[in-house]
2 protein chains.
Amino acid sequence: MSEAADQIFATLRHQAQSGAPLYLQLRKSIEDAVNRGLIGPGDALPSERDIATKADISRVTVRKAVQDLVKGGILVQRHGSGTFVAPRMERVEQSLSRLTSFTEDMARRGMVVRSAWLDRGLYAPSPDEMMVLGLSSSELVARVARLRIANDTPLAIERASLSASVLPDPADIGSSLYAALELTGNRPVRAVQRISAANLGDSDARLLEVPPGIAGLHIERISYLASGKVIEFTRSIYRGDAYDFVAELRLTGPSEEGRP
Amino acid sequence: MSEAADQIFATLRHQAQSGAPLYLQLRKSIEDAVNRGLIGPGDALPSERDIATKADISRVTVRKAVQDLVKGGILVQRHGSGTFVAPRMERVEQSLSRLTSFTEDMARRGMVVRSAWLDRGLYAPSPDEMMVLGLSSSELVARVARLRIANDTPLAIERASLSASVLPDPADIGSSLYAALELTGNRPVRAVQRISAANLGDSDARLLEVPPGIAGLHIERISYLASGKVIEFTRSIYRGDAYDFVAELRLTGPSEEGRP
DNA sequence: GGCTATTGGTATTTTATTGGTATTATTCGC
DNA sequence: GCGAATAATACCAATAAAATACCAATAGCC
C-alpha cells in the first residue's frame, strides 16, 4: 500500500505537537494529501487498520477522521473493499487514438463504468442505413444502442448499426462491439470519424440527464472491412460539458506542407 | 507459444514483491507487454493453464486478470481456441497543417473563403497565457484573432496567443500564422488539441451570426517547438452546425495471416 | 466423419482483508 | 460533579482474492 499514500503520515507527524485532537490532525493530513493531488480520485487509501498502526493511534480514531471526510464527500468507502478518494466530476478526455476503449479509459481515471442497453435487436433498415451499409430493403439491420455511464453519471449515447449478416444475434455482444466482430471474422481495418457539435434534443438530453439544448459532441464513425465494404456505422453523442477529445498532432515532413 | 510472450513473466516477477493482488500484477504484466508491442494485435497469449503453471498461480487467478482485459477490449477470447490480443483502432497521423488548414478544407468543398481580422496586437499577458506560454508579467503577448468566413457565412473564430518574442509585430502576418512563424525560424513540430462542445456565448454568437446558445465546437490547441517549448496557444470556436472534424482511424494488426 | 487432446467457461468453497458497530474508559470544559 | 467530546477494545459483516473440481466448445489428427 505504501506508494504515495505515505505522504499522509509525513504531514501528520509535522503537526504532531499542535495539541489539536488526533482525529482532526489526521483528517487534515488526508485532506491535504487529496488537495495537493498526492492521491487522486479513485486511489485507495491504506486500510483503516494500516493507518492506525502506522500512525500509532486507535482504529476508531482513524475511523472518525475518515468518516468526516466521507460525509464531506471527499472519500468513499466500500464495505469489505476499502476506502477511496471520491471521484470528481471533471472533464474527461479521450484521446482520438484510443477511441475504442471507453471502459479502459474511464477505469484509468478511477471511475466506475457501466453501460445500460438502450436497444439490441434486428430491424428493417432505415434509408440512411441502407445507403451507408449497402443493404437492400429485404435485408435486416442490427442495431445496438447503449448508454455509457461513469460513476452513475451518463456520459454518452452510442448507437451502432450493422448489417445483420455480420451480427445475427445482437443480444450476445459482450462489452466490446469490436471484440464481437472479431469473433465472427469481420474485422474493420479502417474507419472515418466525423466530430461535430449539436444541441441535444429532448430525448437525448433526458437520457444524459442534462437540460435540453445543451451542447453535445456528435461523433459519427463509419468502419470499413479490408474489402472496402462498410461494416459498421455508429452515431455517438457525448455530453459536451463532461468530455474532451484530445488529439496529438505531429507536423510531418518539411515546412512546405500545404498551409492556409 | 514461448516466443516473446515470455516477456509477460519477466515483468511479472519484477513486481513480485509489490504486495498488490496477484491478478493485478499479472494484468499489468500483460497490459505492458501489449502496450510495449511485445505482443501485437492478433497474437495468441499462452493458454490460461500455461500461464498459471509458469507463474505458479491458480488458473482462476489468471482468468481474473485476463477477463479484466477482455472486458476492457484489450484481449479477445475464443472458446476452445485461445486468447488473443484484440485489434485496435489507431488514429492515422494527421499532419498539423492538414488539421488546421481551414482554407484548404473549405476550398475542397467548393467554398470561397476569406478572413476578417478581429484583433492583432501586443498586450500584457493574462494569467492563463502566462502559465501556458511560460511568460513573466513583464513580457508581452501577441494576440491574433480572426473570423473565418466561407461563402459569406462566418464559420469560426480563431484566437491565438504567442509570446511577443516570436511574433514582435502581429500586424504583418499574411494569411498564414504558421508561415509567419516559419520566417522567424519558430516552427512548431507538435501540437495537442482538445475538442469539446459548448454553447456559444452572446458575443461569439453575434460574430458567427447565429442565435446565442447554439452548440459550437470549441478547439484548444497548444503547439510546441522541437525544444519542447510552447510557442502558440489557440482557442477556436466553430459553428457546430456547419463544421465537421474528420479523422481517419486505422486498425492495427496482422494484415492477413495470423488471424486465429 | 469421429475421436481426442487442448482450449476457454463455470460453479463452489475457503480464506484473508476490509469496513461497520456496540461497548467501555478517558479526558476536558463548564 | 456532570456531560460532551475523545479515544480505545472487542467483535460482526461484507467483500475480494484465490484455489479446486468439473463442464463445454473448438481444432486437429486419424
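Below, chain A is the first sequence line, B the second, and so on; all start at residue 1. Bear in mind that the values here come from a model prediction, so they are computed numbers and not experimental data. Side chains included, hydrogens not; waters and symmetry mates left out as well; all remaining heavy atoms used.
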Does [X] reach the main-chain N or O of [Y] with its side chain, forming a donor-acceptor pair under 3.5 Å?
| X | Y | answer |
| --- | --- | --- |
| T61(A) | I57(A) | no |
| E139(A) | S136(A) | yes |
| Q67(B) | K64(B) | no |
| S81(B) | R78(B) | no |

Sequence-distant partners of Y224(B), side chain to side chain donor-acceptor pair (under 3.5 Å), two or more places apart: none

Pairs under 3.5 Å (N/O, protein and nucleotides 11-14 of chain D):
from, atom 1, to, atom 2, distance (Å)
dA13(D), N3, H79(A), NE2, 2.9
dA14(D), O4', H79(A), ND1, 3.4
dA14(D), O4', H79(A), NE2, 3.4

N/O-N/O pairs, protein side and nucleotides 28-30 of chain D side, under 3.5 Å:
none

Would you kindly say whether [X] and [Y] are connected by a side-chain donor-acceptor distance under 3.5 Å?
| X | Y | result |
| --- | --- | --- |
| R146(A) | S115(A) | no |
| S29(A) | E31(A) | no |
| T83(B) | Q77(B) | yes |

How would you give the extent of chain A contacts on DNA chain C, as first and last nucleotide 5' to 3' within a 4.0 Å heavy-atom cut-off? dT18(C) to dT21(C)

With a 6.0 Å cut-off (strictly less than), is the heavy-atom count around CG of D56(A), excluding the residue itself, greater than 12? no

Specify the separation, in whole Å, of atom CD of E48(B) and atom P of dA21(D). 18 Å

Below 3.5 Å between N/O atoms, which protein atoms pair up with nucleotides 2-7 of chain D? Just atom names and distances, please.
from, atom 1, to, atom 2, distance (Å)
dT6(D), OP2, Y23(A), OH, 2.7
dA7(D), OP1, L22(A), N, 2.9
dA7(D), OP2, Y23(A), N, 3.4

On the six-membered ring of F233(B), is R221(B) placed so that its NZ or CZ lies under 6.0 angstrom from the centre and within 45° of the ring axis? no

Under 3.5 Å, which donor-acceptor pairs do the side chains of residues 202-219 of chain A form with other protein atoms, sequence neighbours left out?
from, atom 1, to, atom 2, distance (Å)
D204(A), OD1, R159(A), NH2, 2.7

Are R27(A) and D68(A) within salt-bridge range, i.e. N to O under 4.0 Å? yes

